[in-house]
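First comes the structure, then the notes that go with it.
Per chain, numbering begins at 1; letters A, B, ... match sequence-line order.
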Protein chains: 2
Amino acid sequence: MKRILLIEDEPQIARFVQLELNHEGYEVTVANDGRDGLEVFKAHPFDLVLLDIMLPSLNGIEVLRRIRQLSNVPIIMLTARDSVMDKVSGLDNGADDYITKPFAIEELLARLRNLLRKQVSQTSVLSYKSLVLDLNQHECTVNNNQVDLTKKEFDLLHMLLKHKNQVLSRELLIEKIWGYEFDGTTNSIDVYVRYLRAKIEEPFDEKFIHTVRGVGYIIKDE
Amino acid sequence: MKRILLIEDEPQIARFVQLELNHEGYEVTVANDGRDGLEVFKAHPFDLVLLDIMLPSLNGIEVLRRIRQLSNVPIIMLTARDSVMDKVSGLDNGADDYITKPFAIEELLARLRNLLRKQVSQTSVLSYKSLVLDLNQHECTVNNNQVDLTKKEFDLLHMLLKHKNQVLSRELLIEKIWGYEFDGTTNSIDVYVRYLRAKIEEPFDEKFIHTVRGVGYIIKDE
DNA sequence: ATGAGATTTTAATAAACCTTGAATTGGTCT
DNA sequence: AGACCAATTCAAGGTTTATTAAAATCTCAT
């Protein structure tokens, strides 16, 4: 399922677009202002961004510029009718398309499909405190010290980091990393959490992975 | 088993939907007009509400508004085809999704499943006065003080908060949280209510959980 | 085919959690 | 008020769960 980030401050429009896109089978996350949008973008991977130009706290053009420093994710700008300046400015700064408000939802859908067809993947680095995980290089560092992880260890840490601030059940982890149904008899997860702790926590006197008894494991901000 | 409240005045449609949903394993209660629907909702806990917009005695939007004052139960609106106004109005007033009549039963089922499932990851925070329950992080705070809850305690509080303003019987709580039939001999619920009170009420001089003698427990707005 | 490293299983231990039942308190009805 | 029933409280003991170390198994490059 394609993930879309909608950065839009007008609640009715945001809600409406979100629901319509849900209906079409997209997974939509909404951010209400520019700063939020940028944060959310940094924290999660998206396949496409819908970005309003007029935004509180950090305007659309600025958000566009900053996202482009990080990623070449497809971006569609939402502009006011006849604001030629906005369009030009948006495209100049790396937007892939624009659509003027108010728009027919069908037109938006068409432009979405169009851009998503061309798309390539990205998102290469996840981090949390002194912990950095480079997905492309398959590398992990803590406090700038490189730590060698096996594939399973890496995948587990990847999963926990990708969904930080969310408790992940053993069931879900087994399903996503091992690829089979959790039958309740294996404690592989527990063992790998132990390995990770021994490699990335104990030597550096850090604490990343927390146990939530009866539920699962989580990496979370305080 | 998931409980669904269907508020719909056209008998054929109501009957049809009820049978189909029963067939899928849902327990369906039907109300024939807005006023009835609201009454039934207040009297029993439901996992989801299907709400027609065009209703006698109290229209759907008004019912929606009143239910939202009491609860954040997932609500799907049933709207006439092409009635954009209805959609917008519904979503503005807190509906979670809509479906246009006439609809294929399969689509309704898909949206039901979607909402019943997403509830976990989407509605991530429940709150009541100074009490906050973060479902993703599995964390509870009172007056911004973090309180450690065990799984059972958390599940019980979750249930009470999710259905706030509704009395939950011991039968229902045992069924939903412990997962077996209430045989009348266990007092586990009472004990856990005690634990919760000791953890989230007494230290903060608050009162969240009320006992309804002979019926069950409730968290309610004044 | 071999062996080093990776992965999974097993088992012991300790800690946290849950249940139970009996004693006590509190509310309700006549 | 007194009888009765429902709810509350408490602590002991029984159970479950997480952690850990170590052994068994698997896998892949040589």
Side-chain angles (χ1 to χ4, degrees), chain A residues 138-140 146-160 167-203 206-220, chain B residues 138-140 146-160 167-203 206-220:
Chain A
H138 222 263
E139 237 176 44
C140 171
Q146 190 171 337
V147 177
D148 283 341
L149 298 182
T150 70
K151 178 156 163 30
K152 281 271 151 58
E153 290 164 355
F154 190 91
D155 290 347
L156 175 56
L157 185 54
H158 179 188
M159 207 58 199
L160 288 167
V167 181
L168 302 183
S169 66
R170 289 174 175 73
E171 206 176 348
L172 184 130
L173 291 168
I174 283 284
E175 192 188 313
K176 295 285 183 189
I177 301 170
W178 275 258
Y180 53 76
E181 294 289 304
F182 180 62
D183 58 2
T185 66
T186 180
N187 75 335
S188 301
I189 302 265
D190 306 54
V191 172
Y192 274 90
V193 167
R194 160 96 188 108
Y195 290 164
L196 279 177
R197 283 174 173 161
K199 284 187 177 181
I200 67 177
E201 294 185 345
E202 286 166 17
E206 294 269 16
K207 183 74 187 162
F208 300 123
I209 305 171
H210 299 267
T211 305
V212 182
R213 193 164 228 269
V215 186
Y217 295 98
I218 184 175
I219 290 179
K220 70 167 178 224
Chain B
H138 228 261
E139 227 174 56
C140 171
Q146 190 173 333
V147 178
D148 283 340
L149 299 182
T150 71
K151 183 157 153 44
K152 282 268 152 64
E153 289 164 357
F154 190 93
D155 289 348
L156 175 56
L157 184 54
H158 179 185
M159 204 64 196
L160 288 167
V167 183
L168 302 185
S169 66
R170 289 176 175 72
E171 281 89 342
L172 184 111
L173 291 169
I174 283 284
E175 186 192 320
K176 293 282 186 185
I177 301 169
W178 275 258
Y180 54 76
E181 293 291 303
F182 181 62
D183 58 2
T185 66
T186 181
N187 70 338
S188 298
I189 302 245
D190 306 57
V191 172
Y192 273 89
V193 167
R194 157 94 188 112
Y195 291 162
L196 278 177
R197 285 175 171 159
K199 283 187 177 181
I200 67 178
E201 295 184 344
E202 286 166 16
E206 295 269 15
K207 183 73 186 164
F208 300 122
I209 304 172
H210 298 268
T211 305
V212 181
R213 190 159 229 270
V215 187
Y217 296 97
I218 185 174
I219 289 180
K220 65 159 183 259

Task: Length of the line joining B/Arg170:CZ and C/dT19:P, which is rounded to integer Å - done: 15 Å
Task: B/Asp148 side chain reached by B/Gln146 side chain, heavy atoms, under 4.5 Å - done: yes
Open item on the list: The side chain of A/Arg213 is closest to which nucleotide in this list: C/dT19, C/dG21, D/dA18?
Closed with: D/dA18
Open item on the list: Counting only heavy atoms not in A/Lys199 (residues, nucleotides, ligands), do more than 12 fall under 6.0 Å from its NZ?
Closed with: yes
TODO: Give a yes/no answer on whether the side chain of B/Thr211 brings an N or O atom under 4.0 Å of OP1 or OP2 in D/dT8.
DONE: yes
Open item on the list: Whole angstroms only, please: what is the CG-C1' distance between A/Asp190 and C/dA11?
Closed with: 14 Å
Open item on the list: Does the plane of the ring in A/Phe154 sit parallel, tilted or perpendicular to the ring in A/His138? Use 30° and 60° as the thresholds.
Closed with: parallel
TODO: Rounded to the nearest angstrom, tell me the gap between atom CD1 in A/Ile177 and atom P in C/dT8.
DONE: 11 Å
Open item on the list: Less than 4.0 angstrom between a side-chain N/O of A/Thr150 and OP1 or OP2 of C/dG5, yes or no?
Closed with: no
Open item on the list: In this structure, how many angstroms lie between the P atom of C/dT20 and the OH atom of B/Tyr192, rounded?
Closed with: 11 Å
Open item on the list: Show, in sequence, the C-alpha distance, side-chain angles and deciding distance for B/Ile209 and B/Ile218, and conclude whether the side chain to side chain contact (heavy atoms under 4.5 Å, CB included) test is met.
Closed with: CA-CA 6 Å; B/Ile209 304 172; B/Ile218 185 174; over 6 Å; no
Task: A/Val191, nearest nucleotide to its side chain (from D/dT20, C/dT20, D/dT8) - done: D/dT20
- [ ] Mind calculating the distance between NE2 (A/His210) and C1' (D/dT17) to the nearest angstrom?
- [x] 19 Å
Task: side chain to side chain contact (heavy atoms under 4.5 Å, CB included) assessment of A/Leu168 paired with A/Tyr217 - done: CA-CA 5 Å; A/Leu168 302 183; A/Tyr217 295 98; 5.9 Å; no
Open item on the list: If you compare every side-chain N and O of A/Tyr217 against the phosphate oxygens of D/dT19 (OP1, OP2), does one of them come in below 4.0 Å?
Closed with: yes
TODO: Ignoring backbone atoms, test whether A/Thr185 places a side-chain nitrogen or oxygen under 4.0 Å from the OP1 or OP2 oxygen of C/dT9.
DONE: no
Task: Distance below 4.0 Å between A/Lys152 side-chain N/O and C/dT8 OP1 or OP2 - done: yes
- [ ] May I ask you to evaluate whether A/Ser188 reaches the phosphate of C/dT7, defined as a side-chain N or O under 4.0 Å from OP1 or OP2?
- [x] no
TODO: For B/Arg194 and C/dG26, give me the distance from atom CZ to atom P, rounded to whole Å.
DONE: 13 Å
Task: Minimum-distance nucleotide (side-chain atoms of B/Thr186 versus C/dT20, C/dC18, D/dT9) - done: C/dT20
Open item on the list: Is it the case that C/dT19 (base atoms only) and B/Tyr195 (side chain only) share a donor and an acceptor within less than 3.5 Å, ignoring hydrogens and angles?
Closed with: yes
Open item on the list: Measure CG/A/Asp155 against P/C/dA6 and give the value in whole Å, please.
Closed with: 14 Å
Open item on the list: Output the rounded distance in Å from CD1 (B/Ile189) to C1' (D/dA7).
Closed with: 13 Å
Open item on the list: Looking only at the side chain of B/Arg197 (C-beta and beyond, no hydrogens), which of the listed nucleotides D/dT8, C/dT19, C/dT7 gets closest?
Closed with: D/dT8
- [ ] Please check the phosphate of C/dT8 (OP1 and OP2 only) for any side-chain N or O of A/Trp178 closer than 4.0 Å.
- [x] yes
